[in-house]
Amino acid sequence: MPAPPCASCHAARAALRRPRSGQALCGACFCAAFEAEVLHTVLAGRLLPPGAVVAVGASGGKDSTVLAHVLRALAPRLGISLQLVAVDEGIGGYRDAALAAVRRQAARWELPLTVVAYEDLFGGWTMDAVARSTAGSGRSRSCCTFCGVLRRRALEEGARRVGATHIVTGHNADDMAETVLMNFLRGDAGRLARGGGLGSPGEGGALPRCRPLQFASQKEVVLYAHFRRLDYFSEECVYAPEAFRGHARDLLKRLEAARPSAVLDLVHSAERLALAPAARPPRPGACSRCGALASRTLCQACALLDGLNRGRPRLAIGKGRRGLDEEATPGTPGDPVRPPASKAVPTF
Amino acid sequence: MCQVGEDYGEPAPGEPPPVPRPSREQKCVKCKEAQPVVVIRAGDAFCRDCFKAFYVHKFRAMLGKNRLIFPGEKVLLAWSGGPSSSSMVWQVLEGLSQDSAKRLRFVAGVIFVDEGAACGQSLEERSKTLAEVKPILQATGFPWHVVALEEVFSLPPSVLWCSAQEPVGSERAYKAAVDSFLQQQHVLGARGGPGPTQGEEQPPQPPLDPRSLARLPAAAQTEALSQLFCSVRTLTAKEELLQTLRTHLILHMARAHGYSKVMTGDSCTRLAIKLMTNLALGRGAFLAWDTGFSDERHGDVVVVRPMRDHTLKEVAFYNRLFSVPSVFTPAVDTKAPEKASIHRLMEAFILRLQTQFPSTVSTVYRTSEKLVKAPRDGPAAGDSSPRCLLCMCALDIDAADSATAFGAQTSSRLSQMQLPIPLTETRTPPGPCCSPGVGRAQGCGQGACRREDPQACIEEQLCYSCRVNMKDLGLGLAGDPGLSD
């Protein structure tokens with residue numbers, strides 16, 4: 001049975017049914033609809049004002065590839081200029097291939113690319129080194145905890161180097177839904193209170209961030225990349241199987257099978273969560289070491305690095321963060337005579 | 001591993017637990033004398049009496065901490081026959097019959113809703129269930145009511161109105177009420193009366209609905225109800241519909257007989273599952289009402305959940321050790337496969353995760369305690385803001401073209417794509433116009449409503465999640481109970 005005609009242009013044969021509405025569209029019309037929706041999100045949320053220099057967090061994966069492509073197409077209309085910022089976490093066998101994909105994209109689209117590496121920024125700590133450091137205690141390695149915090153810092157640093165005014169990342173609706181599920185299961189009231197909006201407006205000197213693909217479902221992102229024949233890197237991170245997010249992702253896939261609108265329903269729930277004022281994170285100040293946005297004395301990146309450097313990687317992961325700002329006591333592994341402002345932590 | 005802020009130094013999951021397993025020499029951790037019979041959490045072994053004291057204390061503390069139930073108040077216990085609500089009824093029974101110092105001070109009644117028609121049970125099965133239910137109800141000694149779900153067809157439209165809320169009493173008001181009640185007791189006791197159990201003399205009430213036990217409801221109503229439920233396309237929507245109808249029916253009965261509180265037996269585990277389910281259904285704005293201790297969105301009748309601190313494991317142990325009677329009634333999702341509905345999926349997920357990370361349920365419960373009953377941004381919505389027609393919560397709908405999840409789904413650009421059928425109005429046969437009852441009650445002609453399209457008219461008055469559920473209801477409005485009067 002031949003496919004029905006496209007519901008939009010009525011000319012070409014339909015190539016897919018949109019997961020959200022069941023509408024039958026041809027490839028070109030679907031891509032046009034997708035781009036129109038991203039444009040609408042940016043305009044309605046007033047995310048990227050004209051004249052903005054936008055740093056796109058490019059990982060080489062499908063989301064950031066599609067994001068960069070769509071923003072490049074919309075750039076004249078929005079009046080923005082784009083910069084690609086890629087982060088090299090130092091994960092062997094994964095990140096090198098992904099970066100190769102980013103370099104090809106940058107060359108094809110003629111966009112300037114900057115690569116920031118953990119090794120340079122964080123005193124020689126690559127993710128592989130972090131994984132080795134946190135392994136062996138019998139518990140999980142919590143690699144994603146380190147990687148997520150450090151990557152956001154690295155992205156900020158890269159964006160500043162290229163003089164950007166906004167940072168965009170390719171988080172899609174599925175990511176947002178998984179995040180809210182995960183935060184509830186872990187009891188993270190602070191993140192629940194902060195999340196669910198349209199990114200952060202950039203308080204305390206941090207650059208404003210947003211996620212233009214926030215309401216696009218993952219299926220549609222993949223379909224878009226397919227129809228536009230985009231070249232991206234599609235393997236998952238080496239450390240991904242250990243992440244707690246895997247449980248939330250599995251649950252989300254099943255929920256979506258039971259009810260297709262579950263993803264956007266979860267995003268809607270996340271937008272409307274109301275937490276007690278005591279549970280909300282405190283007003284952010286500045287980190288005492290590096291000056292970045294922080295809700296406590298030390299920003300999380302500095303705190304994590306501190307723990308790593310002292311040989312106690314779990315120092316900043318846990319309640320209370322005991323012993324964080326003190327001198328290391330003699331006898332602990334790590335340098336007991338190093339002053340608190342260790343030279344391993346970079347100054348920006 | 002999964003919990004945020006977990007302390008450093010906890011034993012790794014692979015290593016043997018540091019606490020020795022209860023051996024023959026182990027004593028109860030509380031009284032340190034008797035033999036333990038039950039292990040609640042890892043390492044907490046209780047003897048029978050200490051477990052009972054622990055369980056009862058939790059129940060009393062939940063009631064006492066919240067101070068919502070005033071002395072002499074009439075409270076309706078919603079009993080489904082299941083273990084948690086049976087345990088709750090048993091606790092209330094024991095609490096009301098204790099010596100005066102620790103006695104519970106309210107007046108209780110019990111209601112049982114017969115949902116057999118919605119679950120597809122035959123008349124013989126329903127009669128058998130009722131025959132099991134009746135002796136238990138009579139044994140409680142409370143005034144009891146058995147109501148069939150079919151009676152929801154005869155509810156007046158007034159159930160969908162939100163009555164004016166009574167202001168919540170302050171601390172002083174509660175203390176004053178308790179003091180005056182105690183004084184009253186004292187006076188009555190001094191007068192040498194027969195020692196009333198509660199503030200007023202209450203003769204043992206006969207069942208107030210003898211007819212409903214004598215015969216099952218009219219076959220036409222049963223047929224209509226089962227047709228309604230068969231027409232619902234997904235199990236998720238079916239469960240939600242059943243819950244809505246059941247709640248409205250119980251509230252109606254409570255109002256009719258003068259009860260000001262309804263107690264439901266939701267346990268900690270069930271509430272954690274309910275919270276995650278409601279997240280997935282789009283009810284993130286209303287979590288505090290759906291899973292908190294008190295739910296006062298219906299105005300005059302407040303729904304209270306005293307069992308919310310008890311895990312299902314504790315309930316099961318208690319029921320077994322102290323022979324609490326309960327009745328098994330199949331539900332809409334009995335024997336349904338795991339993938340059939342969001343509720344089933346979430347239940348299976350949470351219980352599976354609980355085996356891997358034993359703190360899952362308690363983490364979700366503690367997070368739920370941090371939720372507040374107010375919209376996220378902006379001032380708290382008072383009585384004046386529009387309420388959802390079905391679930392009575394303040395509407396959480398954004399503007400159609402805003403940069404939100406709702407805006408993304410109902411964007412007006414879709415209509416610009418020259419679709420042959422408008423999306424919000426597909427698949428409904430042109431039904432009857434909005435029923436006059438609804439029209440008068442809710443001011444249906446609010447400008448945006450078009451008389452030719454009752455489905456869209458009703459949808460505009462629903463919250464986000466009720467709208468999504470409505471899409472799964474295949475019927476037009478003619479089959480919608482409560483609205484067809």
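None of the values given here were measured: they were computed from a predicted structure. Per chain, numbering begins at 1; letters A, B, ... match sequence-line order. Excluded from the calculations below are hydrogen atoms, water molecules and symmetry mates; all remaining heavy atoms, backbone and side chain alike, are included.
- Looking only at side-chain heavy atoms (C-beta outward), R283(B) and R272(A) stay at 4.5 Å or farther from each other.
- With a threshold of 4.5 angstrom between heavy atoms, L264(A) approaches chain B through its backbone and through its side chain.
- R259(A) is listed as a side-chain neighbour of N469(B), based on a closest heavy-atom distance under 4.5 Å.
- When each of V468(B), N278(B), V364(B) is scored by its heavy-atom pairs under 4.5 Å with chain A, the top score falls to V468(B).
- Distance check: F184(A) CZ to L287(B) CG gives 5.5 Å after rounding to the nearest 0.5 Å.
- Put simply, CD on E338(B) and CZ on R254(A) are 5.5 Å apart, with the number rounded to the nearest 0.5 Å.
- Proximity to chain A (any heavy atom under 4.5 Å) is shown, for L279(B), by both the backbone and the side chain.
- Rounded to the nearest 0.5 Å, atoms CZ (R186(A)) and CZ (F357(B)) are 10.0 Å apart.
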Please report, to 0.1 Å, the donor-acceptor pairs under 3.5 Å made by any side chain of residues 235-243 of chain B, with sequence neighbours excluded.
residue, atom, partner, partner atom, Å
T236(B), OG1, I342(B), N, 3.2
E239(B), OE2, S341(B), OG, 3.3
E240(B), OE2, H343(B), NE2, 3.0

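- With a 4.5 Å cut-off on non-hydrogen atoms, E369(B) does not touch chain A at all.
- Contact of K339(B) with chain A is made through the backbone alone, with heavy-atom distances under 4.5 Å.
- Residues that satisfy the side chain to side chain contact (heavy atoms under 4.5 Å, CB included) test with E35(A), not counting sequence neighbours, are V70(A), Y224(A), R228(A).
- With a 6.0 Å radius and a threshold of 12 heavy atoms from other residues, nucleotides or ligands, R305(B) has its CZ atom above the threshold.
- Residues of residues 348-355 of chain B placed with any heavy atom under 4.5 Å of a heavy atom in chain A are listed by number as F349(B), I350(B), R352(B), L353(B).
- Heavy atoms only, all atoms of each residue included: L251(A) and M346(B) are closest at CD2-SD, 3.7 Å.
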Decide yes or no on side chain to side chain contact (heavy atoms under 4.5 Å, CB included) for L281(B) and D265(A), but give the supporting numbers first.
CA-CA 6 Å; L281(B) 292 171; D265(A) 294 343; 6.0 Å; no

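- Each ring-ring contact (aromatic ring centres under 6.0 Å, His included) pair with one or both residues in residues 257-276 of chain A, not counting sequence neighbours, appears once here: H268(A)-Y464(B).
- For L181(A), the parts lying under 4.5 angstrom from a heavy atom of chain B are both the backbone and the side chain.
- Around the NZ atom of K219(A), the shell of radius 6.0 Å holds no more than 12 heavy atoms that belong to other residues, nucleotides or ligands.
- Going from atom CZ of R467(B) over to atom OG of S261(A) covers 13.5 Å, rounded to the nearest 0.5 Å.
- Looking at T367(B) and L192(A), their side chains come closer than 4.5 Å, going by heavy atoms from C-beta outward.
- L255(A) and A280(B) get closest at one heavy-atom pair: CD1-CB, 4.0 Å.
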